[in-house]
Undergrad: 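Mind having a look at this structure? Questions to follow.
The figures here come from the full heavy-atom set of this structure, side chains too, leaving out hydrogens, waters and symmetry mates. First listed ligand is number 1; within each ligand, the first listed atom is number 1.
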Amino acid sequence: MTGNRTFTMIKPDAVENGHIGAILEKITAAGFKIVAMKYTQLSVRDAQGFYAVHSERPFFGELVEFMTRGPIVAAILEKDNAVEDFRALIGATNPAEAAEGTIRKLFATSIGENAVHGSDSDENAAIEGAFHFAGREVF
Ligand code: ATP
Ligand code: MG
C-alpha cells in the first residue's frame with residue numbers, strides 16, 4: 001500500500017443496529033472505492049492481536065468482548081490520502097466529541113461502542129488489510 005489505502009471495520013454495534021448500508025453509503029459518497037470487503041467475526045485471539053497496543057489499558061477486556069460479540073464488515077478502501085481522509089470522515093473516538101456529519105457522530109453510541117474502525121497509519125493499514133484479506137480478495 002502506498003498511501004492511498006486504508007482498512008476499516010464496521011463494528012458489532014453498528015451491525016446490530018442495522019447501519020451497514022448507511023455507513024457504506026457515507027464511505028462511497030465520500031469518494032472511497034471498496035477494493036476488498038467481507039462479513040466476518042473476530043475471534044478473541046484476533047481481537048487481542050488487533051488491539052494489542054491497548055493491552056495494558058483498563059478498557060482492554062471490554063474492548064475485546066465488544067469486538068467479538070457479533071459479526072463485523074471488514075474492508076480495504078482506496079482514495080488519495082486514504083488514512084487521514086477516512087479518520088476525518090469517521091470523526092473522534094468519542095462520538096460526543098465527533099464533528100457533525102461524521103460517521104461516529106451519526107451512528108456511534110459511546111467511546112467504547114463507536115461504530116467503525118479506521119487505520120491510524122499507512123503501515124497499520126497494510127498490516128490490518130493483510131490480516132483479513134488474501135491477495136486474490138483485493139481488487
Ligand atoms: P479504532 O482504532 O477502533 O479506529 P481509534 O483509533 O479512534 O479507534 P483507539 O485509541 O485506537 O481509538 O482505541 C481503540 C478502540 O478502543 C476505540 O475505538 C474504542 O472502541 C476503544 N476505546 C478507546 N478508548 C476507550 C475508553 N476510554 N473506554 C472504552 N473504550 C475505549
Ligand atoms: Mg486506533
Undergrad: Going from OG on Ser119 to CE on Met9, what distance comes out if it is rounded to the nearest 0.5 angstrom?
TA: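 The OG atom of Ser119 sits 8.5 Å away from the CE atom of Met9.
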Undergrad: Record the part of Ile111 in heavy-atom contact with ligand 1 below 4.0 Å; permitted values are side chain, backbone, both and neither.
TA: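 The part of Ile111 near ligand 1 is both the backbone and the side chain.
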Undergrad: Just heavy atoms, cut-off under 4.0 Å: does Glu113 contact ligand 1 by side chain, backbone, both, or neither?
TA: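 The answer is neither.
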Undergrad: Return the residue, atom name and 0.1 Å-rounded distance of the protein heavy atom closest to atom 14 (C) of ligand 1.
TA: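 Ranked first by proximity to atom 14 (C) of ligand 1 is His54 NE2, 3.5 Å.
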Undergrad: Nearest to atom 7 (O) of ligand 1, what protein heavy atom do you find, and at what distance?
TA: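 The closest one turns out to be Thr93 OG1, 2.5 Å.
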Undergrad: Taking Asn114 for the side chain and Thr93 for the main chain, is one N or O donor matched with an acceptor at less than 3.5 Å?
TA: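 It does hold such a pair.
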Undergrad: Look at atom 1 (P) of ligand 1 and say which protein heavy atom is nearest, naming residue and atom and giving the distance to 0.1 Å.
TA: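 Here the closest protein heavy atom is His117 ND1, 3.1 Å.
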Undergrad: When you compare ligand 1 with Arg57, is there at least one nitrogen or oxygen pair between them that comes in under 3.5 angstrom?
TA: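 Between Arg57 and ligand 1 (N or O atoms, distance only) the closest approach is not under 3.5 Å.
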Undergrad: Show the atoms of ligand 1 that are less than 4.0 angstrom away from any heavy atom in Gly118.
TA: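 Every atom of ligand 1 under 4.0 Å from some heavy atom of Gly118: 4 (O).
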Undergrad: Please determine whether the number of non-hydrogen atoms from other residues, nucleotides or ligands lying under 6.0 Å from atom CD of Glu137 exceeds 12.
TA: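 Yes.
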Undergrad: State if Arg87 counts as touching ligand 1 under the rule of any non-hydrogen atom under 4.0 Å.
TA: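 A heavy atom of Arg87 does come that close to ligand 1.
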Undergrad: Which of the numbered atoms in ligand 1 are below 4.0 angstrom from a heavy atom of Leu63?
TA: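 Here the atoms of ligand 1 in question are 15 (C), 16 (O), 20 (O), 21 (C).
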Undergrad: Has Lys11 got its NZ or CZ under 6.0 Å from the middle of the six-membered ring of Phe66, at an angle within 45 degrees of the ring axis?
TA: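 Not flagged: Lys11 not positioned over aromatic ring of Phe66.
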Undergrad: Does the plane of the ring in Phe7 sit parallel, tilted or perpendicular to the ring in Phe50? Use 30° and 60° as the thresholds.
TA: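 Rings of Phe7 and Phe50: tilted, as their planes differ by 30° to 60°.
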Undergrad: Which heavy atom of Ala99 sits nearest to which heavy atom of Lys105, and what is that distance?
TA: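 So the minimum-distance heavy-atom pair works out to O-CB, 3.2 Å.
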Undergrad: Does Lys11 have a heavy atom less than 4.0 Å from any atom of ligand 1?
TA: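 So Lys11 counts as touching ligand 1.
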Undergrad: Between Phe59, Phe66, Phe50, which one has a non-hydrogen atom sitting closest to atom 26 (C) of ligand 1?
TA: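 It is Phe59 that holds the nearest heavy atom.
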Undergrad: Return the CZ to CD distance between Arg104 and Glu97, rounded to the nearest 0.5 Å.
TA: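 So the gap between those two atoms works out to 11.5 Å.
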Undergrad: Measuring from the heavy atoms of Glu128, does anything fall under 4.0 Å of ligand 1?
TA: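 No, that is not the case, since the closest heavy atom of the residue is not under 4.0 Å from the ligand.
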Undergrad: Does a side-chain heavy-atom distance below 4.5 Å link Asp13 with Arg69?
TA: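 Yes, at least one pair of side-chain atoms sits under 4.5 Å.
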